[in-house]
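Report on one structure; see the data block that follows.
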Amino acid sequence: MKVFKFGGASVKDADAVRNVGNILEKYSGEKLLVVISAMGKITNKLEELVTVFWKNEVEKKQIIIQELKDFHFTIASNLIEDKKHHIYSDLEDLLMELECVVEKKYHNTSYDEIYDGVICYGELLSTKIVSDYLHSIEVKNKWVDARNFIQTDSNFREGRVKWTETEETIKRILKPYVDRSIVITQGFIGRDEHNNTTTLGREGSDYSAAIFAYCLDAQDVTIWKDVAGVMNADPKQFANAVKLDAINYNQAIELAYYGASVIHPKTIQPLKSKNINLYVSSFLNMNDEGTVVKIDAPALSNECYIVKNEQTLLSIFTKNYSFIAEDNLSAIFDAFAMFKVRINVMQNSAISFSACCDTKEDKINEMVIALSNEYTIETKPNCTLLTIYNAKKENVLPEFLSAKKILLNQELGMAKQLVLA
Ligand code: ASP
Ligand code: MG
């Protein structure tokens with residue numbers, strides 16, 4: 001049994017869906033579960049919808065809903081000509097449901113809960129289209145709602161998987177279906193015990209694929225991407241970037257942790273614990289060898305460069321000149337955890353603590369306000385975080401960053417990290 005994952009770029013338009021069809025045709029009749037993300041940049045569009053709904057911007061809301069309708073109907077009609085085909089009423093049903101979700105606000109519903117209730121429609125719409133297209137080219141498959149299987153707690157937007165329940169339901173109910181035909185399902189979405197939709201965090205579909213693979217005892221997982229595999233740097237920024245042929249689980253976890261965007265950070269752990277190989281392959285050249293992540297891959301010999309833009313460096317100073325020791329650290333970390341602001345790199349000295357975070361973390365400002373009774377906080381936006389993993393020699397900054405100033409420099413284990421502005 002295999003698990004495949006196709007991300008947004010692999011289903012961004014009708015031709016892309018046809019390409020997915022070409023790949024899956026070759027696996028017709030095999031035991032295969034396919035996890036699919038929302039089409040193209042639809043998740044961002046749905047995020048906009050949540051924002052305007054939250055702000056009561058009714059006109060903008062209508063415009064976005066119309067855009068979502070047009071986008072999905074255009075792709076569907078490009079793939080399935082027969083206007084009487086049930087795909088059209090299925091899409092209509094889903095879009096109507098979505099419209100109702102953003103119709104009015106209910107008391108006591110948090111922003112994050114609404115977010116998950118809205119954002120899941122990207123994956124639901126996309127999998128419906130792909131599944132029906134596959135039927136139309138006679139690739140037998142079954143569409144299933146991932147929320148019935150991926151059970152999480154109620155930590156909206158970052159649901160934590162309830163492994164025991166999830167594994168039990170997948171083995172008992174889903175597995176017999178995967179034994180019979182290709183199963184098409186959504187990445188990224190789950191459900192809590194109150195029947196609310198939850199999500200696993202942006203870009204969480206890789207993680208979904210790993211969860212299904214773990215619970216189904218799959219033989220391997222393939223993530224189909226628009227790149228040749230896992231590269232040691234972004235080829236758009238580094239002319240000498242090369243593909244990595246094989247990576248062991250531990251180094252893959254570290255690379256994902258530092259932000260190598262090809263693999264979602266939580267993906268490797270479940271695979272590692274059952275020794276399931278992970279392939280990262282190109283959906284553009286399906287016969288090329290991509291990257292394999294497996295237990296016995298040799299340690300990497302290449303240096304890896306990971307660049308994260310749109311970073312904010314927060315420098316936090318104690319007002320009373322007390323040291324940054326256990327009590328202050330604990331208050332600071334509590335604030336980061338409470339406002340769900342993730343730290344990409346941190347450092348502390350006697351009376352200051354620095355943390356570099358993604359600027360788009362929407363609660364940074366609220367967190368700064370909450371901390372500012374006790375601390376003086378300097379915020380520096382527009383920074384870049386460069387991580388050099390497996391750093392070998394004296395590194396020279398890549399040319400496109402060489403004019404920048406180094407604000408923070410840290411070497412820990414195999415990684416050297418620089419915050420630049
Ligand atoms: N559609 C979701 C996102 O864009 C999940 C994923 O693609 O992995 O974040
Ligand atoms: Mg995506």
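For ligands, and for the atoms within them, numbers begin at 1 and follow the listed sequence. For the numbers below, each heavy atom of this structure counts, side chains included, while hydrogens, waters and symmetry mates do not.
Contact annotation: Gly8 has no heavy atom less than 4.0 Å from any atom of ligand 1.
Using a 4.0 Å cut-off between heavy atoms, Glu123 contacts ligand 1 through its side chain alone, with no backbone atom that close. Under 4.0 Å from ligand 1, heavy atoms of Ser205 appear from its side chain as well as its backbone.
Residues Met338 and Met367 form no side-chain contact, since every pair of their non-hydrogen atoms from C-beta on lies 4.5 Å or further apart.
Looking at Glu92 and Lys69, no side-chain N of the basic residue comes within less than 4.0 Å of a carboxylate O on the acidic one, giving no salt bridge.
For Arg202, a nitrogen or oxygen atom sits less than 3.5 Å from a nitrogen or oxygen atom of ligand 1, counting backbone and side chain alike.
If you number the atoms of ligand 1 from 1 as listed, the ones under 4.0 Å from a heavy atom of Phe188 come out as 2 (C), 5 (C). Proximity to Ser37 (heavy-atom distance under 4.0 Å) selects the following atoms of ligand 1: 6 (C), 7 (O), 8 (O).
Distance CG/Asp116 to OG/Ser154: 10.0 Å, rounded to 0.5 Å.
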| request: Kindly indicate, with the supporting measurements, whether the criterion side chain to side chain donor-acceptor pair (under 3.5 Å) is fulfilled by Glu25 and Tyr27. | output: CA-CA 5 Å; Glu25 253 176 349; Tyr27 293 87; over 6 Å; no
| request: Decide yes or no on side chain to side chain donor-acceptor pair (under 3.5 Å) for Asp70 and Gln66, but give the supporting numbers first. | output: CA-CA 6 Å; Asp70 293 345; Gln66 194 54 48; 3.0 Å; yes
